[in-house]
Student: 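Mind having a look at this structure? Questions to follow.
Numbers restart at 1 for each chain; the letters A, B, ... are given by sequence-line order, proteins then strands.
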Amino acid sequence: MTKEKKSKPSKELPLGFVDRQEKELLVRDFIISNIKEVMIKYGFQNLETPSFEYSDSIGKFLPDKDRPDEGVFSFKDENKWLSLRYDLTAPLARYVAKNYLEIPKPFKRYQLGTVWRNEKPGPGRFREFLQFDADFVGTTSLQADAELCVMISEILERSGLAKSDYIIKISSRKITEELFKKINLIDNKQKLTALRALDKIDRLGWSGVKELLGAGRKDKSGDFTKGANLKSKDIVKIEETLKIKSPKTEDLVELVKIFKDYNFNNFEFDPSIIRGLEYYTGAIFEVNLKFDVTNNKGQVIQFGSIGGGGRYDNLVNNFGNFNAPATGISIGIDRLVYALMQKKEFKVKQTKPIVICVFDKNSMREYINLQTIIRKEGISVEIYPGVSKLKKQMEYANKINSPAVILYGENEIKSGKITLRNLSSGKEQSIEIKEIVNEIKKII
RNA sequence: GCAGCAGUAGCUCAGUUGGUUAGAGCACUAGUUUGUGGAACUAGGGGUCGGUGGUUCGAAUCCACCCUGCUGUACCA
């Protein structure tokens with residue numbers, strides 16, 4: 001007798017992928033509806049591009065090509081490499097280049113779509129997630145950059161955040177450019193290491209960043225990270241730059257002025273904001289939450305930003321000779337949902353069906369008629385989907401959080417009255433069929 | 001990727017220096033005179049103790065390697 005090893009299919013999900021339940025999806029839908037309304041108000045048009053692109057369309061032309069093959073999910077189709085998109089900006093650049101002659105200039109579009117990243121997930125951070133992205137293509141006006149920040153604020157506040165819950169941090173790639181010129185830092189690799197180091201100041205503090213700018217840093221677990229090996233006098237100059245309280249670069253001075261005209265103050269200049277390394281060319285923004293976010297064990301976690309963006313004047317140009325300076329901003333919708341769901345006062349209304357219990361299959365006609373009457377009023381109702389004892393039907397109704405059950409059995413049919421049981425109070429009442437809708441409305 | 005810690009039922013965990021048939025709570029299923037949920041009671045199902053190999057008369061327990069998860073770190077367009 002041979003022992004057969006049954007290899008059952010795995011019920012586990014691939015690393016970084018999750019099932020999303022209704023509770024979360026309702027919040028997501030709520031945010032999306034806010035986004036769509038705001039987008040219309042601000043005059044952006046919707047666009048949908050495919051999940052897959054040719055790998056070179058979304059990767060090859062990016063200047064930030066430190067690790068071209070990592071971070072994306074790819075496969076070879078015939079002889080060409082395809083990749084799942086990792087953001088919505090690269091596909092936009094491709095779209096603009098492809099449709100340059102037809103689209104209005106400037107071009108304002110927004111997009112909601114799933115993106116995929118092949119990297120290590122963290123709390124509230126997955127390998128598949130929904131991103132929202134809005135961009136202006138074809139204008140150098142900082143009015144566009146300002147409008148993006150104001151617009152994001154409006155979306156966040158409509159979705160349930162208070163002004164004190166978030167802040168938009170601004171900086172400019174020009175600051176670091178000037179700084180590197182000043183300290184004569186020209187080696188590209190060193191530049192990137194230095195930028196990455198600066199980006200970590202909120203987490204590691206200046207002392208940690210200083211180590212990363214110099215020889216390197218050992219983390220809590222004892223792991224060592226190589227530094228940028230800058231001279232200590234140059235590190236001092238960097239420290240001085242980081243202490244600047246108000247922006248000196250032309251673009252940010254202008255941006256702040258426009259913010260004033262908008263009466264928008266929920267921003268803060270922070271020269272340590274980096275984002276996207278060499279990808280950006282000018283102003284950059286980052287949307288940060290100001291309240292603590294916890295994991296499922298109640299521990300406060302390092303949540304990071306929920307979105308950001310900035311000016312990328314050269315991206316579309318990589319596809320050819322296009323005059324398409326651009327600026328854009330994106331939000332990680334799922335991260336915003338995750339954070340929003342932790343705010344106690346935040347609730348989205350769920351509509352659960354009233355359950356009509358089944359006593360006798362031969363009365364199905366009565367049940368269906370009743371169901372039709374109630375559904376005509378736009379009220380959620382269902383006939384118990386199955387054949388079970390009444391107890392099971394009640395347990396089912398309770399489990400799905402139904403507000404009430406309708407009992408329409410032998411007794412009721414005989415007397416011509418329906419029994420309506422309120423499931424939160426447990427109270428039952430006997431009512432005429434024509435009154436049923438009114439009574440239900442009182443409960444839900 | 002690197003480092004530290006961890007992996008026993010669907011979930012949260014117990015399992016004594018290696019010793020019979022591996023336990024509990026919650027959840028689940030069926031009942032407690034069949035027309036009543038969220039409480040109680042009774043009974044039941046469910047685990048090759050993450051995997052593979054080794055040490056041993058004997059491994060959930062010891063060793064090696066692998067896998068997975070958590071945390072930090074790197075990367076994050």
Student: Roughly, in whole Å, what's the span from CG in A:N398 to C1' in B:rG38?
Tutor: 4 Å
Student: Does A:K347 have more than 12 heavy atoms from other residues, nucleotides or ligands lying within 6.0 Å of its NZ?
Tutor: no
Student: Taking all non-hydrogen atoms of both residues into account, name the closest pair between A:M151 and A:A134 and its distance.
Tutor: CE-CB, 3.8 Å
Student: Distance between the C1' atoms of B:rU42 and B:rU33, in whole angstroms?
Tutor: 16 Å
Student: For B:rG25 versus B:rA9, give the span between their P atoms, rounded off to a whole number of Å.
Tutor: 16 Å
Student: Please, which pairs that meet ring pair (Phe, Tyr, Trp, His ring centres under 6.0 Å) have at least one residue in residues 386-444 of chain A, sequence neighbours excluded?
Tutor: A:Y384-A:Y396
Student: Could you work out the separation of B:rU12 and B:rC75 based on their P atoms and round it to a whole Å?
Tutor: 33 Å
Student: Regarding A:F359, tell me which of base, sugar-phosphate or nothing describes its non-hydrogen contacts under 4.0 Å with the strands shown.
Tutor: base
Student: Looking across every strand, which nucleic acid part, if any, lies under 4.0 Å from A:K226 by heavy atom: base, sugar-phosphate, or nothing?
Tutor: nothing
Student: Is the Lys NZ or Arg CZ of A:K343 less than 6.0 Å from the centre of A:F291's six-membered ring, within 45° of the axis?
Tutor: yes
Student: Which whole number of Å gives the distance between the C1' atom of B:rA59 and that of B:rC63?
Tutor: 11 Å
Student: When we call it a touch if two heavy atoms are under 4.0 Å apart, what does A:K391 touch: a base, just sugar-phosphate, or nothing?
Tutor: base
Student: Rounding to an integer number of angstrom, what distance separates B:rC28 and B:rC11 when you compare their C1' atoms?
Tutor: 12 Å
Student: With P as the reference atom in both, quote the distance from B:rG45 to B:rG19 in angstrom, rounded to an integer.
Tutor: 26 Å
Student: What is the nucleic acid contact for A:E119, judged by heavy atoms within less than 4.0 Å: base, sugar-phosphate only, or nothing?
Tutor: base
Student: When all nucleic acid strands are considered with a 4.0 Å heavy-atom cut-off, which category describes A:L88: base, sugar-phosphate, or nothing?
Tutor: nothing
Student: Taking the C1' atom in each of B:rU17 and B:rA24, what is the distance between them to the nearest angstrom?
Tutor: 24 Å
Student: Atom NZ of A:K399 and atom C1' of B:rC28: how far apart are they, to the nearest Å?
Tutor: 9 Å
Student: Rounded to whole angstrom units, what separation is found between the NZ atom of A:K389 and the P atom of B:rA30?
Tutor: 8 Å
Student: Just call it for A:S402: base, sugar-phosphate, or nothing, with non-hydrogen atoms closer than 4.0 Å on any strand.
Tutor: nothing
Student: Decide, yes or no, whether a salt bridge links A:E22 with A:K352 under the criterion of side-chain N to carboxylate O below 4.0 Å.
Tutor: yes
Student: Hey, is A:Y86 doing a stacking thing with B:rA77, by the 5.5 Å centroid and 30° angle criteria?
Tutor: yes
Student: Can you check side-chain hydrogen bond (donor to acceptor under 3.5 Å, both in side chains) on A:S172 and A:D251, steps first, answer last?
Tutor: CA-CA 8 Å; A:S172 174; A:D251 55 347; 2.6 Å; yes
Student: Tell me, with the steps shown, if A:R109 and A:N46 meet side-chain contact (heavy atoms from CB on, under 4.5 Å).
Tutor: CA-CA 6 Å; A:R109 79 86 238 222; A:N46 201 352; over 6 Å; no
Student: Within 45° of the ring axis of A:F126 and under 6.0 Å from its six-membered ring centre, is that where the NZ or CZ of A:R20 lies?
Tutor: yes
Student: Can you tell me how far P in B:rG50 sits from the matching atom in B:rG69, rounded to whole Å?
Tutor: 16 Å
Student: Once you apply a heavy-atom cut-off of 4.0 Å, does A:Q393 come out as touching a base, just sugar-phosphate, or nothing?
Tutor: nothing
Student: Is A:K120 side chain donor-acceptor paired with the B:rU73 base, going by distance under 3.5 Å alone?
Tutor: yes
Student: Could you spell out the base pairing of RNA chain B as a dot-bracket line? Use Watson-Crick and G-U wobble contacts where both distances are under 3.5 Å, [ ] for crossing pairs, | for partners on a different strand.
Tutor: (((((((..((((.....[...)))).(((((.......))))).....(((((..]....))))))))))))....
